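Note that the structure is predicted; figures quoted are calculated from it, not measured. Counting begins at 1 with the first residue of the sequence.
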Amino acid sequence: MEGKISMVIVGCGDVAKKRHAPLCDASPYVDLYGFYNRTRTKAEALAKQYGGKVYDSLEEVLADENVDAILVATSEGSHWEISVKGLEAGKHVLCEKPMASNPEQCRRMIEAERKSGKKLMINHNQRLYTPHMKAKELIQSGAIGKVLFFRTEYGFRGHETNAEGVINKGHYDRVNHVHGVLSQVGSHRIDLMTYMLEDEVEEVFLSANTLAKTMSDGSPIPYEDQAVMNVRYKNGVVGTVEVSWLDFSDNARKTIVYGTEGTIETYAGQYGVVLHKRNGERVYYDTGRLPGHYEPPLTKIVDIFAKCVLEDTRPLCTSREGLHCLEVINAAYKSLETKTWTKVGEE
């Protein structure tokens, strides 16, 4: 493999500032070519730090023949349209999760990918967390026998606290979220468990609430800040996904998988993974430093995307897998309305 891909980051908010720009800058496979943001000053700030061109419009980015790929780091309401335009312009696309706001938008992205022949990869980076990689290895090796059920949690204090730790009371007024914490945070764990178990979700039941997050005027945000989703997979495995924007411990990231011959626990104190065997034996796995939210070491998601383009190989998380995640989320919100178990994929 030789060469680099030239990449432009579209959307220069906190996720670009804390993750994507540093990853692109450090990658041996990426030339961080430029930045575009509707608020130009945000793009200018990153260009000043990392170098690169500042674009005045998305159209200018897509018309630039020097650009091989775009990294879509805007809010999820605009993911699909920017990605489709990028693919149609002949650019490869690394798109932040969730892939889109609904399954139909995902399908339009997949069709644009098919027609363009370019790569579309979804940024479900938690597949690359070392405890998750070890847990998947143990599950697939049969270390806990037949998987029966799981519970996974993921939470933090909320996006209104920016990269410098400053609270922006107007965050939820301006951010273009279509859905709440289940979509924004739960999508990580929906994809992760589907990846770990190598199976798809068949039906879901969601309980969700708006408990504490507010708009700048003090009124509740118009979507959930806490959610608990029960899932049933096609192979019969059941599980619980718990997510929130209400955790101040910075450690709500544990996953426990229960099998006929043992239990796997991730983020178990100082250890990345602990295997609890049926006979009482415990095996401890040191998976390296366990960083907090956005702390280094960051995953090599950008390297993997660039190598996928350069080597013409399968993306780590395909558009089809991104679609399934959105189908699960879509079914979950329907479940919230109907207060019943809801089949995934029925629209």
To the nearest 0.5 Å, what is the distance between [atom1] ([X]) and [atom2] ([Y])?
{"X": "Met193", "Y": "Gln126", "atom1": "CE", "atom2": "CD", "answer": "11.5 Å"}
{"X": "His324", "Y": "Arg320", "atom1": "NE2", "atom2": "CZ", "answer": "13.5 Å"}
{"X": "Lys115", "Y": "Leu87", "atom1": "NZ", "atom2": "CG", "answer": "12.0 Å"}
{"X": "Phe305", "Y": "Leu316", "atom1": "CZ", "atom2": "CG", "answer": "12.0 Å"}
{"X": "Ile122", "Y": "Ser83", "atom1": "CD1", "atom2": "OG", "answer": "7.0 Å"}
{"X": "Arg232", "Y": "Phe205", "atom1": "CZ", "atom2": "CZ", "answer": "11.5 Å"}

Is any NZ, NE, NH1 or NH2 atom of the basic residue among [X] and [Y] found under 4.0 Å from an Asp or Glu carboxylate oxygen of the other?
{"X": "Lys48", "Y": "Glu44", "result": "no"}
{"X": "Glu153", "Y": "Lys254", "result": "no"}
{"X": "Glu321", "Y": "Arg127", "result": "yes"}
{"X": "Asp312", "Y": "Lys119", "result": "yes"}
{"X": "Glu327", "Y": "Arg107", "result": "yes"}
{"X": "Arg157", "Y": "Asp247", "result": "no"}
{"X": "Arg108", "Y": "Glu111", "result": "no"}

Could you check Lys134 against Glu137 for salt bridge (Lys or Arg N to Asp or Glu O under 4.0 Å), going step by step and ending with a plain yes or no? CA-CA 5 Å; Lys134 186 62 183 180; Glu137 175 190 320; 3.0 Å; yes
Please find the pair of heavy atoms, one from [X] and one from [Y], that lie closest to each other, and give the distance.
{"X": "Gly158", "Y": "Tyr172", "answer": "CA-OH, 4.0 Å"}
{"X": "Leu326", "Y": "Ala100", "answer": "CD1-O, 3.4 Å"}
{"X": "Ser101", "Y": "Gly77", "answer": "OG-CA, 3.5 Å"}
{"X": "Cys95", "Y": "Leu120", "answer": "CB-CD1, 4.3 Å"}
{"X": "His124", "Y": "Ser187", "answer": "CE1-O, 3.4 Å"}
{"X": "Cys12", "Y": "Leu46", "answer": "CB-CD1, 3.7 Å"}

[Y] backbone acceptor or donor facing [X] side chain under 3.5 Å:
{"X": "Glu113", "Y": "His92", "answer": "no"}
{"X": "Thr266", "Y": "Thr255", "answer": "yes"}
{"X": "Ser335", "Y": "Ala331", "answer": "no"}
{"X": "Arg189", "Y": "Arg253", "answer": "yes"}
{"X": "Gln140", "Y": "Met196", "answer": "yes"}
{"X": "Ser141", "Y": "Leu138", "answer": "yes"}
{"X": "Thr39", "Y": "Lys42", "answer": "no"}
{"X": "Ser219", "Y": "Met215", "answer": "no"}
{"X": "Asp225", "Y": "Trp245", "answer": "no"}
{"X": "Glu281", "Y": "Lys277", "answer": "no"}

Output, in order, the C-alpha distance, side-chain angles, deciding distance and verdict of side-chain contact (heavy atoms from CB on, under 4.5 Å) for Ile9 and Leu32. CA-CA 8 Å; Ile9 295 177; Leu32 183 50; 3.9 Å; yes
Examine Lys136 relative to Tyr195 and say whether NZ or CZ is less than 6.0 Å from the centre of the six-membered ring and inside a 45° cone about the ring axis.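 Relative to the ring axis of Tyr195, which defines the angle, Lys136 lies inside both limits.
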[X] with [Y], same ILVMFWY side-chain cluster at under 4.5 Å:
{"X": "Val283", "Y": "Ile264", "answer": "yes"}
{"X": "Val30", "Y": "Val61", "answer": "no"}
{"X": "Ile221", "Y": "Leu206", "answer": "yes"}
{"X": "Leu192", "Y": "Val344", "answer": "yes"}
{"X": "Ile301", "Y": "Leu71", "answer": "yes"}

Check whether more than 12 heavy atoms from other residues, nucleotides or ligands sit under 6.0 Å from atom CZ of Arg40, and answer yes or no.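 Result for CZ/Arg40: enclosed.
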Is the count of non-hydrogen atoms from other residues, nucleotides or ligands lying under 6.0 Å from Lys53 atom NZ greater than 12?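 For Lys53, atom NZ is crowded (more than 12 foreign heavy atoms under 6.0 Å).
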Residues Glu202, Lys343; criterion side-chain contact (heavy atoms from CB on, under 4.5 Å); working and verdict: CA-CA 6 Å; Glu202 184 173 51; Lys343 292 285 186 181; 3.9 Å; yes
From CA spacing to verdict: side-chain hydrogen bond (donor to acceptor under 3.5 Å, both in side chains), Glu200, Tyr233: CA-CA 6 Å; Glu200 292 188 339; Tyr233 281 76; over 6 Å; no
Step by step, would you call Val147 with Ile139 a side-chain contact (heavy atoms from CB on, under 4.5 Å)? CA-CA 8 Å; Val147 176; Ile139 291 168; 3.8 Å; yes
In sequence, state the C-alpha distance, the side-chain angles, and the governing distance for Glu265 and His276, and then conclude on side-chain hydrogen bond (donor to acceptor under 3.5 Å, both in side chains). CA-CA 8 Å; Glu265 182 181 7; His276 304 264; 3.0 Å; yes
Quick one: sort the [X] and [Y] rings into parallel, tilted or perpendicular, breaks at 30° and 60°.
{"X": "His188", "Y": "Tyr154", "value": "perpendicular"}
{"X": "Tyr55", "Y": "Tyr33", "value": "tilted"}
{"X": "Tyr271", "Y": "Tyr284", "value": "tilted"}
{"X": "Tyr258", "Y": "Phe149", "value": "parallel"}

Is it true that the side chains of Asn123 and Asn125 contain a donor and an acceptor less than 3.5 Å apart?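 Not at all, the side chains of Asn123 and Asn125 share no donor-acceptor pair under 3.5 Å.
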When you look at Asp68 and Ser6, which way does the side-chain hydrogen bond (donor to acceptor under 3.5 Å, both in side chains) test go after all the steps? CA-CA 5 Å; Asp68 298 315; Ser6 58; 3.1 Å; yes
Student check: side-chain heavy atoms of [X] and [Y] closer than 4.5 Å:
{"X": "Thr318", "Y": "Met121", "result": "no"}
{"X": "Val238", "Y": "Val231", "result": "no"}
{"X": "Pro103", "Y": "Leu323", "result": "yes"}

Yes or no on side-chain contact (heavy atoms from CB on, under 4.5 Å) for Glu96 and Val72, after CA distance, side-chain angles and deciding distance? CA-CA 6 Å; Glu96 256 298 343; Val72 181; 5.9 Å; no
For a side-chain hydrogen bond (donor to acceptor under 3.5 Å, both in side chains) check, start with the C-alpha distance between Ser78 and Thr74, then their side-chain angles and the critical distance, and finish with the verdict. CA-CA 7 Å; Ser78 58; Thr74 57; 2.8 Å; yes
For residues His179 and Tyr223, establish whether the separation of their ring centroids is below 6.0 Å.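 No: the rings miss the under 6.0 Å criterion.
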